[in-house]
2 protein chains.
Amino acid sequence: MDSPDPSRSKRTAFLLSQLGALASARFAERTRELGLTPSDAGVLRLLGRTPGLSQRSLADRLGAVPSRVVPLIDSLETRGLVTRERSSTDRRNYELRLTDEGMKALGKLRGIAERHEAELLAPLTSEQSAQLGSLLARLASAHALDTDLHRDTTVQ
Amino acid sequence: MDSPDPSRSKRTAFLLSQLGALASARFAERTRELGLTPSDAGVLRLLGRTPGLSQRSLADRLGAVPSRVVPLIDSLETRGLVTRERSSTDRRNYELRLTDEGMKALGKLRGIAERHEAELLAPLTSEQSAQLGSLLARLASAHALDTDLHRDTTVQ
DNA sequence: AAAAATGATTCACCTGTTGAATGATTCTGT
DNA sequence: ACAGAATCATTCAACAGGTGAATCATTTTT
């Protein structure tokens, strides 16, 4: 039952990587049931919060490269969740917005995120959960991860 | 500077995903300076702990598929860090072992892991670090992540 | 001895991602 | 107003990491 190395339990950084991957994988499972990827979810969330965003600024906030955003929006537009409309003031830009269906999807995603979090933190008491949240928030802030910017595989 | 949604800070599951990705990315940077991938590091660590392992059981402990292990060992063998030797008792199996160079690399990796952890947890006091470690260990254990088995991108 | 199981390998393939080049539009300095 | 620089979206070739099916050699089962 114990670690094979009795003198020291597993490294905290290791646990963080493992649990982070677990959390991402579980979240991806859930969004897949809606036919969405975690990246799709990130786009919907951002457009819900900031309608009219251009693909460029969406890419920035997502921590992605602009060329990555193109097929992402393509797919969401095809499925009727997002609209592209040329900005009247700067016709280089698109203005991206959620359709009604997109808003509905976003609502479902919020529910998913809630259940996801509840499931993940189920093994902890509510005090422990709060403590964990506070410690992680402190870490994220110190490592400049507290913006809306998501990097690497964390684009969700 | 504040979150655009003032009523609630960011979800803990989200922070976990983000910080896990950050930890993985930083670790990957460091191993890359040794010319190793995180997967290489996982192989070396496991072979250091359990010499003579077959590729099959290595795959099991890594949470990988056997065909994935082949190029991994190929590369390590080419670089002189690992040896393949047919088992005398069952000539289907290889017995994998670290060379002296492999052991040296493993030593460097341990140093890297130590500095990695120190850097990651630097924003916390030592009590907070201990607390975080304990909470994460509890979560990992409850989610059956406490074995040597690494899944997904966590193969390091 | 025949049949089934096991370990390693190959191979075609997939997903997600990146960077460079391109065309359209807008901005800048003179 | 104009030439040149910058910006947005897009395409495209390419890459890394990873997977599953098929194959061959060997061992186990019956």
Side-chain angles (χ1 to χ4, degrees), chain A residues 17 21 24-25 27-29 31-32 35-43 47 52-78 82-97 149-156, chain B residues 17 21 24-25 27-29 31-32 35-43 47 52-78 82-97 149-156:
Chain A
S17 289
S24 296
F27 184 70
E29 276 179 41
T31 60
R32 190 169 45 236
L36 297 173
T37 65
S39 299
D40 290 334
V43 170
L47 290 186
L53 230 43
S54 70
Q55 293 185 190
R56 183 61 162 103
S57 52
L58 184 59
D60 286 345
R61 297 179 198 224
L62 244 33
V65 79
S67 64
R68 165 94 183 96
V69 172
V70 176
L72 222 46
I73 300 294
D74 280 350
S75 138
L76 290 170
E77 188 183 28
T78 301
V82 163
T83 58
R84 266 184 177 115
E85 195 183 353
R86 285 285 176 194
S87 163
S88 50
T89 65
D90 185 342
R91 286 190 330 246
R92 289 172 301 183
N93 292 3
Y94 281 127
E95 287 174 1
L96 304 174
R97 291 200 167 70
L149 205 150
H150 302 304
R151 337 205 88 269
D152 301 333
T153 55
T154 316
V155 180
Q156 35 182 251
Chain B
S17 290
S24 296
F27 184 71
E29 275 178 40
T31 60
R32 189 170 46 235
L36 297 172
T37 66
S39 299
D40 290 334
V43 170
L47 291 185
L53 229 44
S54 71
Q55 293 186 189
R56 184 62 163 102
S57 51
L58 184 59
D60 287 344
R61 297 180 199 223
L62 243 33
V65 79
S67 63
R68 165 97 184 94
V69 173
V70 176
L72 222 45
I73 301 295
D74 280 351
S75 137
L76 290 170
E77 189 184 26
T78 301
V82 163
T83 59
R84 268 183 175 114
E85 196 183 351
R86 284 285 175 194
S87 163
S88 51
T89 65
D90 185 342
R91 287 191 330 247
R92 289 172 302 185
N93 292 2
Y94 281 126
E95 289 174 0
L96 303 174
R97 291 198 169 73
L149 205 150
H150 303 304
R151 337 206 86 270
D152 302 333
T153 55
T154 316
V155 180
Q156 35 182 252

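Note that this is a predicted model, so its numbers are computed, not measured.
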Atom pair OG (S87(B)) and CG (N93(B)), whose distance is rounded to the nearest 0.5 Å: 5.5 Å
Whole Å only: how far is the [atom1] atom of [X] from the [atom2] atom of [N]?
X: D60(B); N: dT6(C); atom1: CG; atom2: P; result: 12 Å
X: E85(B); N: dG7(C); atom1: CD; atom2: P; result: 19 Å
X: L62(B); N: dA8(C); atom1: CG; atom2: P; result: 13 Å

Closest approach of T31(B) to A41(B) (non-hydrogen atoms, all atoms of both residues): CG2-CB, 4.5 Å
Any side-chain donor near an acceptor of the partner, S57(A) and D60(A), under 3.5 Å: no
Can you list, pair by pair, the side-chain donor-acceptor contacts under 3.5 Å of residues 66-77 of chain B, counting residues two or more places apart and other chains?
{"from": "R68(B)", "atom 1": "NH2", "to": "S39(B)", "atom 2": "OG", "distance (Å)": "3.4"}
{"from": "D74(B)", "atom 1": "OD1", "to": "R84(B)", "atom 2": "NH1", "distance (Å)": "2.9"}
{"from": "D74(B)", "atom 1": "OD1", "to": "R84(B)", "atom 2": "NH2", "distance (Å)": "3.0"}
{"from": "S75(B)", "atom 1": "OG", "to": "R79(B)", "atom 2": "NH2", "distance (Å)": "2.6"}
{"from": "E77(B)", "atom 1": "OE1", "to": "R84(B)", "atom 2": "NH1", "distance (Å)": "2.7"}

Nucleotide-resolved protein contact map, nucleotides 4-14 of chain D, B/S/- at heavy-atom distance under 4.0 Å: --BBSSBB---
Which residues share a side-chain contact (heavy atoms from CB on, under 4.5 Å) with R97(A), sequence neighbours left out: P51(A), T83(A), E85(A), E95(A)
